[in-house]
Amino acid sequence: VANELFPVMDKTVIFSHSHRLDPAFGELKEKIEAKMLDKGEDPNHHPYTFENLNALPRILAEQREKVQEAKDLDKKRLPQLMILCADMLGEMNHNKTLGSVVHRGRHYGVTLLADTQVYRGLQSDMRKNFAMWCIGRLPQVDWKAFEDEYAGAFMTREQMRALYARAMGQKYGFLYYRPRSGDVEN
């Protein structure tokens, strides 16, 4: 998903305890650095990877300023920021700044991609406000929590179970779910 969104993003930052160890970040980090260099920014002086969420308030403040400046200049396209939170469950839970991104980030051009291996490890108000879910095979207790939170609002419990079963029937299958789409197949 990050690679698909990357071309339309003006800035991308990664928050991860494992970004140095996980080779899956390699290609994306190369793209980020190339884009920064094209804009005249030195990745060594303008960090884009972080091992905790301490820099998040500063990054969001900078993004709000850029968006406000673009609005003041009547620009049609607002600056876009992609935030990746990977392997950060302990810090994502009950983080007010991250919660504000989930609730209001779209208003200032922020896209959040977050992963977790424990669905219930995210606070409830954040879980209920994500615009899209990409769900792999979950422990039954986490699937039940997901189903309890989403079934009935946008599709029936039976429809949700059928979609999950179909997705998990594929090798390395994932269920992509957009709660507010109103389309069972979407």
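The shortest distance between side-chain heavy atoms of T49 and F15 does not fall below 4.5 Å. Considering only heavy atoms from C-beta on, V13 stays 4.5 Å or farther from L84 through its side chain.
Within a 6.0 Å sphere centred on CZ of R161, heavy atoms belonging to other residues, nucleotides or ligands number more than 12. Counting heavy-atom neighbours within 6.0 Å of H46 NE2, excluding the residue itself, gives a total above 12. Heavy-atom neighbours of K39 NZ from other residues, nucleotides or ligands within 6.0 Å: above the threshold of 12.
Contact detail for K71 and H107: the closest heavy-atom pair is NZ-O, 4.0 Å. For the pair P179 and A131, the tightest heavy-atom approach, listed with the atom from each and the gap, is CD-O, 3.3 Å. Between H17 and D87, the shortest heavy-atom contact is CD2-O, 3.0 Å. Nearest approach of T97 to P57, heavy atoms of both residues: OG1-CG, 3.9 Å. When all heavy atoms of A2 and L28 are compared, the pair lying nearest together is CB-CD2, 4.1 Å. Summarising the geometry of T12 relative to M9, their closest heavy-atom pair is OG1-CB, 3.9 Å, with the distance given to 0.1 Å.
In this structure, the ring of F174 has its center no less than 6.0 angstrom from the ring center of W133.
V8 and M82 fall within the same hydrophobic cluster, where Ile, Leu, Val, Met, Phe, Trp and Tyr residues are linked whenever their side-chain heavy atoms come under 4.5 Å apart, directly or through other members. There is no path of hydrophobic side-chain contacts, each under 4.5 Å, that joins L37 to F25.
Neither side chain, E41 nor Y48, offers a donor N or O lying under 3.5 Å from an acceptor on the other. In the model, D125 has a side-chain atom that pairs as donor or acceptor with a side-chain atom of H103 under 3.5 Å.
Within the model, atoms CE of M132 and OH of Y176 stand 6.5 Å from one another, a figure rounded to the nearest 0.5 Å. Here L98 contributes atom CG and M88 contributes atom CE; the two are 9.0 Å apart, rounded to the nearest 0.5 Å. Here the NZ-CD distance, from K128 to Q123, works out to 11.5 Å after rounding to the nearest 0.5 Å.
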### Query
Can you list the steps and then say if K75 with E69 is a salt bridge (charged side-chain N to carboxylate O under 4.0 Å, His left out)?
CA-CA 9 Å; K75 291 189 175 182; E69 181 180 308; 5.7 Å; no

#### Entry: Trace of the side-chain contact (heavy atoms from CB on, under 4.5 Å) decision for C85 with L112
CA-CA 8 Å; C85 285; L112 172 66; 4.0 Å; yes

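Salt-bridge annotation for K31 and E27: present, with a side-chain N of the basic residue lying under 4.0 Å from a carboxylate O of the acidic one. Using a cutoff of 4.0 Å between basic side-chain nitrogens and carboxylate oxygens, K11 and E62 are scored as salt-bridged. Contact check on D10 versus R77 returns a salt bridge, with a Lys/Arg side-chain nitrogen under 4.0 Å from an Asp/Glu carboxylate oxygen. The pair D148-R157 meets the salt-bridge criterion, since a charged nitrogen lies less than 4.0 angstrom from a carboxylate oxygen.
Ring geometry for W143 against Y164 counts as parallel: the plane angle stays under 30°, on a 0 to 90° scale with 60° as the upper cut.
For E4 (side chain) and V1 (main-chain N/O), no donor-acceptor pair under 3.5 Å exists by modelled atom type. Using a distance-only test at 3.5 Å, with no hydrogens or angles considered, a donor-acceptor pair links the side chain of Q63 to the main chain of Y108. Looking at Q80, its side chain does come within 3.5 Å of a backbone N or O of L78 through a donor-acceptor pair. Although no hydrogens or angles enter the test, the distance criterion places no donor-acceptor pair under 3.5 Å between the side chain of S18 and the main chain of L21.
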